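Reading through the structure tokens given below for one structure.
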Amino acid sequence: MSSGNQQQKEIPKQYDPKTIEDQWYSYWMEQDHFRARTDSGKEPFTIMMPPPNVTGALHMGHALQGAVQDALTRLKRMQGYEALWLPGTDHAGIATQNVVERELRKTENKTRHDIGREAFVDKVWEWKEKYGEIITRQYSKLGVSCDWSRERFTMDEGLSNAVQETFIRLHNEGLIYKGNYLVNWCPVDMTAISDEEVEHVESKGYMWHIAYPLDEETASRSGIKHITIATTRPETIPADTAVSVHPQDERYQSLIGGHAIVPTTGRKVPIIADDYVKMDYGSGALKVTPAHDENDFEIGQRHSLPVINIINKDGTLNDASGKYSGMDRFDAREAIVRDLEEEGLLVRVEDYVNQIGVSSRSKAIIEPLLSDQWFVKMKPLAEKAMRASRDGEFRFYPPRWENEFFRWMENIRDWVISRQLWWGHRIPVWYYTLEDGSIDRSRDYVVSIAQPEEGMVQDPDVLDTWFSSWLWPFSTLGWPEKTRDFEYFYPTSVLVSGYDILFFWVSRMLMGGIHFTGQAPFHDVFMTGIVKDKLGRKMSKSLNNGIDPLEMIDQYGADAVRYCLIILCAQGQDIKLDPTKFEMGRNFANKLWNAFRFLNMHLDPDAGYAHEWSHDPRAEKELPLHDRWMLSRIHQTIADVDDDLSRYRLNEALLKIYSLVWDDFCDWYLELIKPEYGTPMGRKAAERAIIHFETLLKLLHPFMPFITEEIWQRLRFRSASEALIVSTWPGHNEAMIHTDAVELFTTIQQLISSIRNIRSEMRVPDQLEVDVIIRPATPETAKALATHRPMFDKMLRMDKFTVDHSAERPAASASDVVGGHQIFIPLTGLIDFDREKERIGKEITRLESFLQSVEKKLSNRKFLDNAPEQVVQNEKKKKEDARLNLQKMQTILAD
RNA sequence: GGGUGGUUAGCUCAGCUGGUUCAGAGCACCUGCCUUACAAGCAGGGGGUCACUGGUUCGAAUCCAGUACCACCCACCA
């Protein structure tokens, strides 16, 4: 499908993306244009695609980031870099395990425990093989030019190897440890999760005030019978091992050192004093439950309190809770409150709103539970990353994210990396066993990838999904092997990601990359906003407010979707998306399509159009004004666009290209080169137009790859290997900017606009041709304008056209002044004097106030003294223009 | 409790290093047009005290401080 306009006869008026998108994607793939090479001698440009979950379906966030990454990749490829965009997927531990478990239940009515670990993991792999490619296929629909030959999966052999390797390294460095600590436990997924995976949600609940009886001795000593504590979690009462008050609290001085009786169990616990307790909060007395609350755990440590665990891993209460054993924690809460009330110990109940932690995955309420887990000491890693940041080894765009990054790094806590799941990277740790097969706790574990000794068993846990993700920028390139890919493409150029995973992923990659490879894994971090619904809510399954990118692509075309997402992607701002916004992109694609149809009518399919002139400045001078203007506009835009893109202002760049295509090229340039009725367009003119158009297509290609490739291929015969995707990005050439041409052309544009305005305001019937008299400010302009009369003919309905430096204003004419040039249009019989007077009056008022402000400024000594010369000159020129225009308008009004 | 972002046209939003030719885009609206590329279009037009209050400056939508509201992130007060 390499050649030009074979379907010339029947090009539909409306662009239909469906007919071409898949074909071009296949073509690019067949031509191997996405593949990056290590032997080209070009400078590398690398982006690692944030790996979507294998369970996932493409959502708008992916589409946005895909559009951004692809635009950057295609741009750099065209700019002569060896561009590698490496795709892949994430095994997504919990999410995937859940999906397969659900399926297992549905199809075989079994749990994972029914079939056993090995069989279950096999099933997950099967599932992954079958469904894991869905999301990457969906990505292709968007037109992403990533190197599929290098696609990776976080549980690939190589990546798994990197994971084990890093675990062992960190362990050897003393940065990994195992310990029995309170962790965030998800009773639904039955695993520990990290602090980052816990969300805090506001929840309406109660604060129960409960009287704890004092033991006899304390009561008789103090003369007090009860101490009242306040709690939001009465179900943990059986696990209390102390009551605590503030050491300085007057009310409780006599109780410190005494004992209270824990309701429901009758256990006697000490009353202790600890600074942590706030005197003015609640009753000033706190029940201490070290096994089920982080703060209480710390208090317990300080006072050597026993730790009584009453909650099982599934959220039910265990035998240590006494009669509540076997009840779910929330049922137990009700039961205990009921019992307390019966015993008369419930003092009062208040409504209370608090923040509760829920698992970001299952949304289950997190239970702080003591358990054996593996941790990474993060401080040393964070310090290195912060140093690298200060040294400018990587930069955030927009820069404010650096502060957020630092805030987190400075308060970093150790990372729980073990998960009680089956799907994931096994922890490379082995235990000796006793004769009955159970773990021999008297002997140390051994860290090793392979089983070190017959009979040893491997740690049953797997690693947090992010423990493989944080290696992504280099594990995907073959690290820890010193591969050619790694040497050539690492460190990567830019990471494109949403800020929602700054802590989960971006920060950890920086820490990991710097620690393991000695280099920041990317130079730039471009943080995009988050795509939300039109009310500003996150898109989620539960709200059912998602907009499916595939549906949108189907409806509007991939280019339209990409256009829209990028144009809305302003520096770090969230995007409130409404499906109708894709019409913008669709309309623009259609505009391009029709510009092509127009040119196509004048194409000579057999011609091989020459284009040497565009590179020959001498030939340049022979060019018509509108070509010199168009070239100037194009090259000015290229300069702006290059600058915008280098700072990740993709929206600004795209908007400028949009305006160049639509406003300049379509509305002016193409209109001006339209041939006369019935006459064919001159071949030269067609050639020039096509060459401009090709440049525009190049500029647009990174953003709208399909339609630009389609049109580009149809514009000329191309050899099989020629493609827009591998064409050269047009460089900015200052010599192509002709200020004189721009100035004159702009004047003509203004004159034409003004004449159109007069016609419209004066309600001149459309068919009626008018006389146009222009009295330019200078004889030179008069000469120039007269030369360009054909331009006026093209754009206006004129009977006669007079350009005369000394023209008199005919009676009964409508008039205007632009840039000192006067326009008269005799409209005998048609002119509505009141209307005209009003129009001119309005213009005069505008000019007067403008002139006034400029004069005020220019009469200000301080302005003259302080403002840069250029600005002052500018103001003077403005003043002069305004004064001239005003004068003429006033004369006209007087007439 | 700490922090970040937002507040600009009826709606959704751009507007970088301050300079009345930057107050702008798309949609919506009004007036003409099915002009042989495009009605998903063309031409013309209306519409904004740039949240508020101060400050810095010759000059502020833009920089600073404070206020109000909205959104988000972080945080161990039961």
Side-chain angles (χ1 to χ4, degrees), chain A residues 11 13-15 200 207 229-233 244 276-278 280-289 293-298 352 354-355 398 400-401 403-404 407-408 411 499-500 502-503 529-530 532 534 536-538 556 560 564 567-568 570-578 580-581 583-584 586-601 643-644 647 649 651-652 655 658-659 666-667 670-671 674-675 677-678 753 756-761 763-766 795 797 849-850 853-854 857 860-868 870-872 874-875 877-878 881-882:
Chain A
I11 300 177
K13 276 167 80 165
Q14 290 194 344
Y15 171 59
H200 295 274
M207 175 89 86
I229 58 91
T231 182
T232 54
R233 300 206 56 198
S244 181
Y276 170 77
V277 183
K278 305 272 185 298
D280 52 0
Y281 195 86
S283 61
L286 175 73
K287 76 190 212 41
V288 184
T289 321
D293 183 280
E294 201 170 327
N295 295 306
D296 291 9
F297 182 79
E298 283 165 22
Y352 188 75
N354 64 345
Q355 300 279 320
R400 66 183 150 94
W401 290 110
N403 301 331
E404 201 77 356
R407 202 167 52 75
W408 190 68
N411 300 308
Y499 62 79
D500 53 337
L502 175 62
F503 304 140
I530 305 296
K532 303 193 166 160
K534 66 175 176 181
R537 301 171 304 180
K538 266 189 182 172
Y556 298 100
C564 171
I567 211 78
L568 294 176
Q571 288 290 290
Q573 287 317 118
D574 289 346
I575 295 174
K576 280 198 260 175
L577 193 64
D578 182 288
T580 59
K581 291 201 174 163
E583 287 172 14
M584 259 193 291
R586 181 199 59 181
N587 293 355
F588 184 43
N590 199 48
K591 188 73 182 173
L592 264 182
W593 184 248
N594 278 290
F596 161 67
R597 284 182 65 228
F598 170 74
L599 286 174
N600 189 64
M601 289 167 37
D643 180 54
D644 288 333
R647 295 181 298 153
R649 295 174 179 274
N651 60 328
E652 292 288 323
L655 189 64
Y658 172 93
S659 167
C666 291
D667 287 351
L670 288 185
E671 289 300 328
K674 263 187 190 170
Y677 283 93
S753 290
R756 284 169 170 170
N757 175 265
I758 291 171
R759 289 189 64 116
S760 178
E761 295 269 313
R763 308 256 159 98
V764 176
D766 222 52
M795 307 303 271
R797 216 171 271 276
S849 74
F850 177 72
S853 74
V854 178
K857 187 176 267 193
N860 184 337
R861 163 106 342 122
K862 284 181 177 171
F863 171 72
L864 296 175
D865 290 347
N866 293 322
Q870 188 57 49
V871 174
V872 177
N874 237 333
E875 293 300 314
K877 189 174 177 329
K878 280 188 219 164
D881 289 354

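What you see is a predicted model, and the numbers here were worked out from it, not measured in a lab. Protein chains get the first letters and strands the later ones, always in sequence-line order, with residue 1 at the start of each.
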key: Distance-only donor-acceptor test (3.5 Å): side chain A:Gln571, base B:rA14   = no
Span that lies between the P atom of B:rG1 and that of B:rC11, in whole angstrom = 33 Å
inquiry  = Expressed as a whole number of angstroms, how long is the span from A:Asn590:CG to B:rC42:P?
reply    = 10 Å
ask   = Which heavy atom of A:Cys666 sits nearest a heavy atom of A:Ala595, and at what distance?
value = SG-CB, 4.0 Å
request  = Take the protein atom CG of A:Leu670 and the nucleotide atom P of B:rA37, then report the distance between them rounded to whole Å.
outcome  = 10 Å
query = When you check every protein heavy atom under 4.0 Å of nucleotides 2-10 of chain B, what one-letter string (B, S, -) results, 5' to 3'?
reply = --SSS----
inquiry  = Taking the nucleotide of RNA chain B with the nearest heavy atom to each, does A:Asn757 or A:Leu599 sit closer to the 5' end?
reply    = A:Leu599
message = Suppose you measure atom C1' in B:rA9 against the same atom in B:rC50; what distance do you get, rounded to whole Å?
response = 10 Å
query = According to the interplanar angle, ranging from 0 to 90°, do the rings of A:Tyr658 and A:Phe588 count as parallel (below 30°), tilted (30 to 60°) or perpendicular (above 60°)?
reply = tilted
query = For the side chain of A:Asn594 and the backbone of A:Arg597, is there at least one donor-acceptor N/O pair under 3.5 Å apart?
reply = no
inquiry  = Quick check on B:rC11: is either OP1 or OP2 less than 4.0 Å from any side-chain nitrogen or oxygen of A:Lys581?
reply    = no
task = Hey, could you give me the CD1/CG distance between A:Ile530 and A:Asp574, rounded to the nearest 0.5 Å?
result = 6.0 Å
ask   = NA contact type, A:Tyr352, heavy-atom cut-off 4.0 Å: base, sugar-phosphate, or nothing?
value = sugar-phosphate
ask   = For A:Asp667, which contact category applies under a 4.0 Å heavy-atom criterion: base, sugar-phosphate, or nothing?
value = sugar-phosphate
ask   = Can you tell me if the side-chain N/O atoms of A:Ser753 get under 4.0 Å from OP1 or OP2 in B:rG44?
value = yes
ask   = Got a second to check how far A:Lys576's NZ is from A:Asp578's CG, nearest 0.5 Å?
value = 11.0 Å
Pairwise C1' distance, B:rC64 and B:rC72 [rounded to whole Å] = 25 Å
task = Please report, rounded to the nearest Å, how far the P atom of B:rC13 is from the CG atom of A:Leu577.
result = 11 Å
task = Find which nucleotide of RNA chain B each of A:Asp574 and A:Glu761 is nearest to by heavy atoms, and output the residue with the more 5' nucleotide.
result = A:Asp574
message = Measuring to OP1 and OP2 of B:rA37, would you say a side-chain N or O of A:Lys674 lies under 4.0 angstrom away?
response = yes
request  = State the CD-CG distance between A:Glu404 and A:Leu502, to the nearest 0.5 angstrom.
outcome  = 6.5 Å
message = Without decimals, in angstroms, what is the distance between A:Asn594 CG and B:rA40 C1'?
response = 9 Å
task = Return the orientation label for the A:Tyr352 and A:Tyr281 ring planes: parallel under 30°, perpendicular over 60°, tilted otherwise.
result = perpendicular
ask   = Within a strict 4.5 Å, meaning less than it, do heavy atoms of the A:Leu599 and A:Leu670 side chains meet?
value = yes
Secondary structure of RNA chain B in dot-bracket form (Watson-Crick or G-U wobble, distances below 3.5 Å, | marking inter-strand pairs) = (((((((..((((.....[....)))).(((((.......))))).....(((((..]....))))))))))))....
request  = For A:Arg763 and B:rG44, give me the distance from atom CZ to atom C1', rounded to whole Å.
outcome  = 11 Å
ask   = Taking only side-chain nitrogens and oxygens of A:Asn587, does any of them come within less than 4.0 Å of OP1 or OP2 of B:rG41?
value = yes
note = So CD of A:Glu583 and SG of A:Cys564: to nearest 0.5 Å the spacing works out to 10.0 Å
task = Send over the distance from A:Arg756 CZ to B:rG45 C1', rounded to a whole Å.
result = 14 Å
query = Which heavy atom in A:Asn590 sits nearest to a heavy atom in A:Lys13, and how many Å separate them?
reply = OD1-O, 3.7 Å
key: Rounded distance (Å) that lies between atom C1' of B:rC27 and atom CG of A:Leu568   = 12 Å
key: Residues, nucleotides or ligands: over 12 heavy atoms within 6.0 Å of A:Arg537 CZ   = yes
message = What is the distance, to the nearest angstrom, from the CG atom on A:Leu502 to the C1' atom on B:rC72?
response = 13 Å
key: Pair of N/O donor and acceptor under 3.5 Å linking B:rC38 base with A:Lys13 side chain   = no
inquiry  = With hydrogens left out and only the distance checked, is there a donor-acceptor pair under 3.5 Å joining A:Gln14's side chain and the base of B:rA40?
reply    = yes
key: Side-chain donor/acceptor of A:Arg586 to base of B:rA40, under 3.5 Å   = yes
query = Nearest of B:rA78, B:rC38, B:rG32 to any side-chain atom of A:Lys278?
reply = B:rA78
